[in-house]
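One structure is given here, and the rest of the page talks about it.
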Amino acid sequence: MLWVPHAVAWCAGLPEERASKIALSVVAGRTSSPGSFRVGGRAGRFGGTVEERRVRAARGTGLSCKGWGQEAALRMLMNNLDAEVAERPDDLVVYGGTGRAARSWAAFDAIVACLRDLEGDETLLVQSGKPVGVCRTHEWAPRVLIANSNLVPEWATWDEFRRLEALGLTMYGQMTAGSWIYIGSQGILQGTYECFSAIAERRFGGTLAGTVTLTAGLGGMGGAQPLAVTMLGGVAICVEVDPERIERRIATRYLDTVASSVDEALRLAAEAKAERRPLSIGVCANAAGVVPALADRVGADSAIDIVTDQTSAHDPLSYVPHGLDLAAADELRRSDPDAYVERSRASMARHCAGMVAFLDAGAEVFDYGNSLRAEAQLGGFERAFAYPGFLPAYIRPLFCEGKGPFRWAALSGDPADIGATDRAVIDELGDNEALVRWLRLAEDRVAFQGLPARICWLGYGERDRIGLRFNEMVASGELQAPIVIGRDHLDSGSVASPYRETEAMADGSDAIADWPILNALLNTASGATWVSFHHGGGVGIGRSLHAGMVVVADGTDLAAAKLERVLTNDPGLGVLRHVDAGYDRAAAVARDHALPVPMAASPGSDAADLRPGDSSGP
Ligand code: NAD
């Protein structure tokens, strides 16, 4: 047994669990053989393999690199691994299962050293989290080019990926993990808010006030649902099988209250709905029992307006089957995984049938990207695909306008800089009510993780305007240091993902992956500060190809020229991708903005004749 007083001192002020982890790693980092430790009254064991590193991006205007492009990449890499930001920083895992920022700590150190030494006319090459070269380019070229998790299509399976990963040849980059632009759970909250906002707009007059949403799952993603619904004025009933998850959401203020029974949840929801008062209610139960039972009881009288689900249905070994408590589920999962999967799929069939019953009763029902429909179908429910996925249902019209998650971070580290940028966005785009409401609510409700950052959805014609305004604010000294601007890969023109971003394209082009490649090439040619090309983010290996970009507003004229091109061309490609697929809304956006479309379809033209199926689009 080792005592580690230095670790105790170092961890002062941190929660005990975190302090213990750090202590464990301190020990592991100094010894090569397994052993045990004791710190702060807690004992633990270590295997000599865990390595603890505390990483935090520098703040302020002092440079440790030879220019702001390199400094921005360095700070955002480090910010991704900040303990406030990353899920498992010790393992370099930022979020999303095993989405990493660098392949190993040795690779991380080498990237840091390369960035500190990199000239303003050089480009660092990163292959799946490992720096592999520094090349002479020019000042308009990206300072970093990143390729993550890419495999030749016939080899693109989880088994092959894991084999290569175990050999140390690759890493899983997820989306914004390996491209160094993750900003914490604000991104999840905002995406969920945007999705429910689109539903409010489409069906409920722009607000969820006076509506009840029934959903399930309060995990990492799903936990954003109650806050997103109440931000839009609505009532949410969230069914969750694990009481700890409910407690966690209450503690972080994402969930307002917990009901002791489904009946109590219904009563609280009905009262809040009648008063048009926002309220989110957790209830500890199994969704496969509650949802069909509620559909029988209240579906027909419209007490519930919107139904969706964010349980872990993508993995039948994670979803908890009806009739098992958590301990019994754990036991069956261990003792007989095949029987577990069978019960799980049967439960998902019931759960999904309940959702379809709500659909038949007139509720707004959608799949929230968790594969419940596919698993329910495997469980024997034939009408599983009666309701749509959220992307084609609500987000595609936004994609036609090049709209998507646009995010930025203040390299000063001062929240006041984000406050100033929030006000600038409201000043520029104040007639967009949903945007203004989000920015005001975010300022009030969202705690920053790592470098202060903001996210909101902007489209073609808006992003370049905002980017240039930020650059002017840096130049004038209104902002204390440069701003980093990037985006998610839930994006209109840079993703090929037939189960999500490109599900059910109007022309059937769901699996065409030329667009993300064009996106990466275009952003490289337009002056982005770093560009990445990934495989497998979001939906897993073999199922998606996607590209990322980041561009830095450092207040110079050169930055302004780059920002104008990148923030025009990046969303512009999203518009073009949807024009090409036959969406009328995208064609109108292209026309309104004089965006050239070489083979634009017009009635009777060859281009129109070439397209299969319905080219009118939604
Ligand atoms: P998670 O594993 O953190 O949480 C899932 C929650 O569901 C857990 O709290 C679990 O206790 C609960 N649960 C499981 N079975 C249940 C049941 N029968 N009844 C009630 N509760 C049950 O997962 P997450 O990160 O919150 O993600 C949720 C789902 O959304 C996953 O399937 C994920 O793949 C998917 N997802 C969607 C998107 C999107 O774009 N919409 C993006 C990423 C992930």
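Any value given below was found using the heavy atoms of this structure, including those in side chains, with hydrogens, waters and symmetry copies removed. One-based numbering, in listed order, for ligands and for the atoms of each.
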Below 4.0 angstrom from a heavy atom of [X], which ligand 1 atoms are there? Numbered from 1 as shown, please.
{"X": "G369", "result": "35 (C), 36 (N), 37 (C)"}
{"X": "F390", "result": "40 (O), 41 (N)"}
{"X": "D242", "result": "11 (O)"}
{"X": "A285", "result": "20 (C)"}
{"X": "Y319", "result": "15 (N), 18 (N)"}

Ligand 1 to [X] polar contact by distance, N or O atoms, under 3.5 Å:
{"X": "M221", "answer": "yes"}
{"X": "V320", "answer": "yes"}
{"X": "G223", "answer": "no"}
{"X": "G217", "answer": "no"}

Nearest 0.5 Å, what's the [atom1]-[atom2] distance between [X] and [Y]?
{"X": "L490", "Y": "R500", "atom1": "CG", "atom2": "CZ", "value": "5.5 Å"}
{"X": "M175", "Y": "N148", "atom1": "CE", "atom2": "CG", "value": "12.0 Å"}
{"X": "L227", "Y": "M231", "atom1": "CG", "atom2": "CE", "value": "4.5 Å"}

Check: Thinking salt bridges, do E240 and R245 make one under a 4.0 Å N-O criterion?
Finding: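 So E240 does not pair with R245 through a salt bridge.
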
[atom]: the protein heavy-atom neighbour that sits closest, reported with distance to 0.1 Å:
{"atom": "atom 4 (O) of ligand 1", "value": "G219 CA, 3.2 Å"}
{"atom": "atom 19 (N) of ligand 1", "value": "A287 N, 3.0 Å"}
{"atom": "atom 28 (C) of ligand 1", "value": "Q310 O, 3.1 Å"}
{"atom": "atom 32 (O) of ligand 1", "value": "H314 ND1, 2.6 Å"}
{"atom": "atom 16 (C) of ligand 1", "value": "T311 CG2, 3.7 Å"}
{"atom": "atom 20 (C) of ligand 1", "value": "V241 N, 3.5 Å"}
{"atom": "atom 41 (N) of ligand 1", "value": "Y368 O, 2.9 Å"}

Pair [X] and [Y], ring centroids less than 6.0 Å apart:
{"X": "Y193", "Y": "W438", "value": "yes"}
{"X": "F366", "Y": "Y387", "value": "no"}
{"X": "Y172", "Y": "W158", "value": "yes"}

Next item on the list: Could you check which of H351, E244, Q174, E240 puts a non-hydrogen atom nearest to atom 6 (C) of ligand 1?
Entry: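 Of the listed residues, E240 has the closest heavy atom.
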
Checklist line | Of the listed options G222, C238, S312, closest to atom 2 (O) of ligand 1 (non-hydrogen atoms) | finding: S312

Note to self: Could you check whether any side-chain N or O of R577 sits under 3.5 Å from a backbone N or O of G493, counting only pairs where one atom can act as donor and the other as acceptor?
What the structure shows: no

Next item on the list: Please work out whether the ring planes of Y368 and F196 are parallel, tilted or perpendicular, with thresholds of 30° and 60°.
Entry: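 The arrangement is perpendicular - the two ring planes meet at more than 60°.
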
Notebook entry, point to check: Mind checking whether H534 and H546 have parallel, tilted or perpendicular rings, split at 30° and 60°?
Noted result: tilted

Notebook entry, point to check: Quick one: which of L268, V235, I281, L279 gives a side chain to side chain contact (heavy atoms under 4.5 Å, CB included) with D256?
Noted result: L279

Next item on the list: With side-chain contact (heavy atoms from CB on, under 4.5 Å) as the test, would you mind laying out the steps for R100 and E165 before giving the verdict?
Entry: CA-CA 12 Å; R100 289 193 159 79; E165 190 184 29; 3.6 Å; yes

Residue-level breakdown please: for [X] versus ligand 1, do any non-hydrogen atoms fall below 4.0 Å on the side chain, on the backbone, on both, or on neither?
{"X": "S371", "value": "neither"}
{"X": "A313", "value": "backbone"}
{"X": "R245", "value": "side chain"}

Note to self: So for G191, does at least one of its heavy atoms come nearer than 4.0 angstrom to any atom of ligand 1?
What the structure shows: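 No, that is not the case, since the closest heavy atom of the residue is not under 4.0 Å from the ligand.
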
